[in-house]
Structures are given as structure tokens and as C-alpha cells.
Amino acid sequence: MKPDLLEKIKSRGYWRIHFQPLVHAEKLTTIDRCREIVEQSALELRGWEYPAILNGASDVGRERTQQYFELSNDWENHIEFWRMYKTGQFLHYLALREDWLADDQLASMRERGIAPMARLGVVGSVYTATEIYAFLARLTRAGLYDEGVSVGVTLYGTKDRALLIDDPGRVGFSYERKTSAEKLEWNRVHSKEEVLQQSTELSRDLIREWFDVFGWQAAPELIAKDQERLLTRRL
């Protein structure tokens, strides 16, 4: 990873995602296997991967150490790095894309005018939370968390941020939904069965709990509809 990439990510809002097996052991025997299990489990539901794989891209950082494989990417508003450790621990830092819209060539003029650190997209947040748990389910199905998993998801840089209806087909809020929280946290311990059977529902619980901090009690069926659109690629 470039020395300044983590500093860049932390300069604005960002997600920190962490999966930790409940039993400490060497789950993956080689660094190649660390890379392969992420590549095989990654999703591509909305035009880019979660997490980034970017096979064939020459400007992507790929590093190997004795403990983990790491990938880093800094392109437009897709700024992230992840590590898969031989222990099965997965760590992911993902810049909040709303804060880098000025660098997104596909963004509309309205989107490019959104100031960094000001907004949190409703639909984008639902999609990211859903991807996190769907990816976790794939890793679990691959045998990584048979004894259970500790999940930590934190969104940093939320103070004075307001929710944004980032679907042009929807009516915006009648008044600002804003939070004073510096960060939003979600820490849970799940069994293998819970992850495999309830990943979509768990991500829905996460995002509804976070939206409540902005003063919005989102209807479960509204979130479920967005999740279905993502998971069936009907965007």
C-alpha cells in the first residue's frame, strides 16, 4: 500500500470492515490462498466489485507479507484497501464515495456539487451494508468461519452529516435528517448458520439502526426492496 493511501482515506468519511474468526488458527495455508478466497468470494452487483479485485489493472497495489495478502486501489472515488490474513481475519478500509464525487467522471453536475463530509447516500449505504454481509456469507460458505465470526463495521466522519436520497426517482426528505455522532458502529458475533441463513436481514438491521441515528426510522420493507434490486442486479 502506498504510504499516503490510508491517510487519504482517513481524511474524509470512510468505512472500516473487520471480520475475525472466533477460533484463532491458521485457516489459510498460503498467501496465494488468502488472495484466492477473496477473489472467489467477491461480488459484482452494481458495476464494480466488493471488495475490489481489478484483475488486469496495472495501477493496483498488490502486496504479500508473511501474514497476509493486501490489495489497494485509488481511482476516482473508488479508494480502498483490504487485507486477508492467513488466520482468516479480513480487514477493509473503504473511502465513503459521497465525499469524492468531484473526482467521479460519471457523476452528474448535481452530484459533483455535493460537498465532502456533508451527506450520506441512503441507497448507497444500503447497498454497501448488503454487500458486506453477502461477502461475509460467501467467505463463510467457503469454510472460513465454521466456528463463528466477530463482525465490526464502523463508518467514520459522520458528525453533522445529513442523509441524502441518492435515487433521482424518489422524493427527498421534507427536512434534514442529520446526526451529531462522530462515527457509527456495529459490532456483532454470529454463528456460521446465522450468517448463511440471515445475511440480508443482518445487513438490514445494521442500516436501519444507523439511519435511526439520523432521525429516520426507515421502513423494513423499503430497505428490503433496495436490497432485492441490488442482489438481483435490477438497478
Side-chain angles (χ1 to χ4, degrees), residues 13-20 22 41-51 80 82 90-98 119-142 144-145 148-158 161-174 176-179 181 183-235:
Y14 65 97
W15 298 74
R16 182 184 187 274
I17 301 103
H18 185 214
F19 306 152
Q20 178 72 50
L22 296 187
S41 303
L43 303 107
E44 189 174 352
L45 300 175
R46 49 171 169 157
W48 58 81
E49 302 150 328
Y50 182 88
E80 65 187 284
W82 58 258
F90 176 77
L91 178 65
H92 189 196
Y93 280 75
L94 175 65
L96 190 62
R97 296 188 179 104
E98 291 90 322
R119 300 288 180 175
L120 178 68
V122 167
V123 178
S125 297
V126 171
Y127 288 175
T128 299
T130 305
E131 287 167 334
I132 289 168
Y133 264 93
F135 175 62
L136 174 63
R138 288 189 173 190
L139 292 178
T140 303
R141 197 170 292 114
L144 209 52
Y145 305 121
V149 60
S150 172
V151 175
V153 183
T154 306
L155 182 58
Y156 289 89
T158 53
R161 202 181 282 268
L163 291 179
L164 169 71
I165 299 296
D166 48 346
D167 181 342
R170 296 186 192 179
V171 177
F173 292 111
S174 56
E176 270 200 334
R177 308 289 182 144
K178 206 168 188 177
T179 184
K183 61 184 177 180
L184 305 177
E185 296 181 278
W186 171 267
N187 295 292
R188 297 291 189 275
V189 173
H190 303 303
S191 67
K192 171 185 176 180
E193 292 73 24
E194 189 178 13
V195 171
L196 293 179
Q197 297 170 18
Q198 302 176 41
S199 62
T200 304
E201 291 84 353
L202 292 169
S203 59
R204 191 181 311 150
D205 291 344
L206 182 162
I207 208 67
R208 292 187 68 238
E209 181 175 306
W210 283 7
F211 285 163
D212 181 56
V213 182
F214 290 84
W216 184 42
Q217 289 71 50
E221 55 271 21
L222 177 64
I223 306 301
K225 186 175 180 180
D226 284 333
Q227 291 181 304
E228 183 183 8
R229 287 173 56 200
L230 174 70
L231 294 170
T232 58
R233 296 185 176 93
R234 292 187 293 106
L235 305 179

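None of the values given here were measured: they were computed from a predicted structure.
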Worksheet item: What pairs with Tyr14 under ring pair (Phe, Tyr, Trp, His ring centres under 6.0 Å), at least two apart in sequence or on another chain?
Response: Tyr93, Tyr156

Practice prompt. Taking the side chain as every heavy atom from C-beta outward, state whether Val151 and His18 have any pair of such atoms under 4.5 Å apart.
Written response: no

Response to the item:
Taking every heavy atom of Ser199 against every heavy atom of Tyr133, the minimum-distance pair comes out as O-CB, 3.4 Å

Fill in: Side-chain touch Gln198/Glu193, heavy atoms, less than 4.5 angstrom
no

Worksheet item: Got a donor-acceptor contact below 3.5 angstrom from the Thr158 side chain to the Lys183 backbone?
Response: yes

Worksheet entry | Nearest non-hydrogen partners of Val195 and His190, listed with the distance | CG2-CB, 3.6 Å

Fill in: Which atom of Arg138 lies closest to which atom of Ala42, heavy atoms considered
NH1-O, 2.8 Å

Worksheet item: Do side-chain atoms of Arg161 reach the backbone of Arg119 as a donor and acceptor pair under 3.5 angstrom?
Response: yes

Item to complete: Measure across Ala137 and Leu196 and return the closest heavy-atom pair with its distance rounded to 0.1 Å.
Response: O-CD2, 3.6 Å

Practice prompt. May I have the step-by-step check of side chain to side chain contact (heavy atoms under 4.5 Å, CB included) for Ile207 and Thr128, ending in yes or no?
Written response: CA-CA 10 Å; Ile207 208 67; Thr128 299; over 6 Å; no

Worksheet item: When the aromatic ring centroids of Phe135 and Phe90 are compared, is their separation below 6.0 Å?
Response: yes

Practice prompt. Show your working on side chain to side chain contact (heavy atoms under 4.5 Å, CB included) between Thr154 and Leu184 and close with a plain yes or no.
Written response: CA-CA 6 Å; Thr154 306; Leu184 305 177; over 6 Å; no

Worksheet item: Are side-chain N/O atoms of Gln227 and Thr130 paired as donor and acceptor at under 3.5 Å?
Response: yes

Worksheet item: Would Ile17 and Leu91 satisfy side chain to side chain contact (heavy atoms under 4.5 Å, CB included), going step by step from the backbone distance to the final call?
Response: CA-CA 6 Å; Ile17 301 103; Leu91 178 65; over 6 Å; no

Worksheet item: To the nearest 0.5 Å, what is the distance between CZ (Arg229) and CZ (Arg46)?
Response: 11.5 Å

Practice prompt. Just do the side chain to side chain contact (heavy atoms under 4.5 Å, CB included) check on Arg97 and Glu80 with the steps written out, would you?
Written response: CA-CA 10 Å; Arg97 296 188 179 104; Glu80 65 187 284; 4.2 Å; yes

Worksheet item: In terms of side-chain geometry, is the basic nitrogen of Arg188 or Glu209 positioned less than 4.0 Å from the acidic oxygen of its partner?
Response: yes

Which atom pairs, one a donor and one an acceptor, fall under 3.5 Å between side chains of residues 165-173 and the rest of the protein, sequence neighbours left out?
unit_1 : atom_1 : unit_2 : atom_2 : d
Asp166 : OD1    : Val122 : N      : 3.2
Asp166 : OD1    : Val123 : N      : 2.8
Asp166 : OD2    : Gly124 : N      : 3.0
Asp167 : OD1    : Gly169 : N      : 2.9
Asp167 : OD2    : Arg170 : NE     : 3.3
Arg170 : NH1    : Asp226 : OD2    : 3.3
Arg170 : NH2    : Asp226 : OD1    : 2.3
Arg170 : NH2    : Asp226 : OD2    : 3.1

Response to the item:
Residues Tyr50 and Ile132: closest non-hydrogen pair is OH-CG1, 3.4 Å

Worksheet item: Does a side-chain N-to-carboxylate-O contact under 4.0 Å join Arg233 and Glu228?
Response: no

Worksheet item: Should the ring pair Trp15 and Trp210 be called parallel, tilted or perpendicular, given that the plane angle runs from 0 to 90° and is split at 30 and 60?
Response: tilted

Worksheet item: How close do Ala129 and Leu206 get, heavy atom to heavy atom, and via which atoms?
Response: CB-CD2, 4.2 Å

Worksheet item: Is a side-chain donor or acceptor of Glu98 paired with a backbone partner of Gly121 at a separation under 3.5 angstrom?
Response: yes

Fill in: Atom pair CG/OG1 of Leu45 and Thr232 - distance to nearest 0.5 Å
9.5 Å

Worksheet item: Quick one: do the Ser203 and Arg208 side chains pair a donor with an acceptor below 3.5 Å?
Response: no

Practice prompt. Can you measure from CG (Leu144) to OG (Ser41) and round to the nearest 0.5 angstrom?
Written response: 8.0 Å

Fill in: Flag side-chain contact, heavy atom, 4.5 Å: Leu120 against Leu164
no

